[in-house]
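Just dropping this structure here.
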Amino acid sequence: MELQTQITIKATPQTVWHVLTNFENYSWNPFIKKIEGEAQLGKKIKVELGGMKFKPEVLKFEPKKEFRWKGKLFIRGIFDGEHYFILEEKEMGTTLFIHG
């Protein structure tokens, strides 16, 4: 099952990336309450999502392009969840922001 949304933002990918990865002041997404740690490929970060806390592994961290992680809940392989943010540069300084 996959849930995906997208929106065109009137800002450059650099500006959107800065907001997306500013973990100390994370307030743009009401579902993701908190992110802590250093997002590096293969490392774990701490995420508080809708009342649940878990430590997903960073699968991709490509500045101004994509941030993706995979978390596990209870039984490995059954309740795994992958979360991603993809930024695509568009015309006139806008960004297509894909979130899934």
Any chance you could lay out the side-chain contact (heavy atoms from CB on, under 4.5 Å) test for I86 and Q6, step after step, and finish with the verdict? CA-CA 9 Å; I86 299 171; Q6 59 184 7; over 6 Å; no
Could you tell me the separation between the CG atom of L87 and the CD atom of E62, rounded to the nearest 0.5 Å? 10.5 Å
Starting from F31, can I reach I45 by hopping between I/L/V/M/F/W/Y residues whose side chains sit under 4.5 Å apart? yes
With heavy-atom distances below 4.5 Å as the criterion, would you say the side chains of K46 and K53 are in contact? no
Under a single-linkage definition using a 4.5 Å side-chain heavy-atom cutoff for Ile, Leu, Val, Met, Phe, Trp and Tyr, are L59 and F54 assigned to the same hydrophobic cluster? no
By the definition side-chain hydrogen bond (donor to acceptor under 3.5 Å, both in side chains), identify the one residue from Q4, H99, K60 that meets it with Y84. Q4
F85 pairs by side chain to side chain contact (heavy atoms under 4.5 Å, CB included) with which of L20, I98, T21? L20
Is the shortest side-chain heavy-atom distance between I7 and I9 below 4.5 Å? yes
L41 versus F61: any side-chain heavy-atom pair under 4.5 Å? no
Going by heavy atoms in the side chains, are E38 and V58 under 4.5 Å from each other? no
Shortest non-hydrogen pair, W69 vs P56, comes out as CD1-CB, 3.3 Å
Nearest 0.5 Å, please: how far is OG1 in T94 from CG in L96? 8.5 Å
Any non-hydrogen side-chain atom of H83 less than 4.5 Å from a side-chain atom of V47? no
CD/E57: more than 12 non-hydrogen atoms of other groups inside 6.0 Å: yes
Which distance, rounded to the nearest 0.5 Å, do you find between the CD of E48 and the NZ of K34? 6.0 Å
Could you give the distance from CZ (F97) to OG1 (T5), rounded to the nearest 0.5 Å? 7.5 Å
To the nearest 0.5 angstrom, please state how far the CD atom of E36 sits from the CZ atom of F23. 10.5 Å
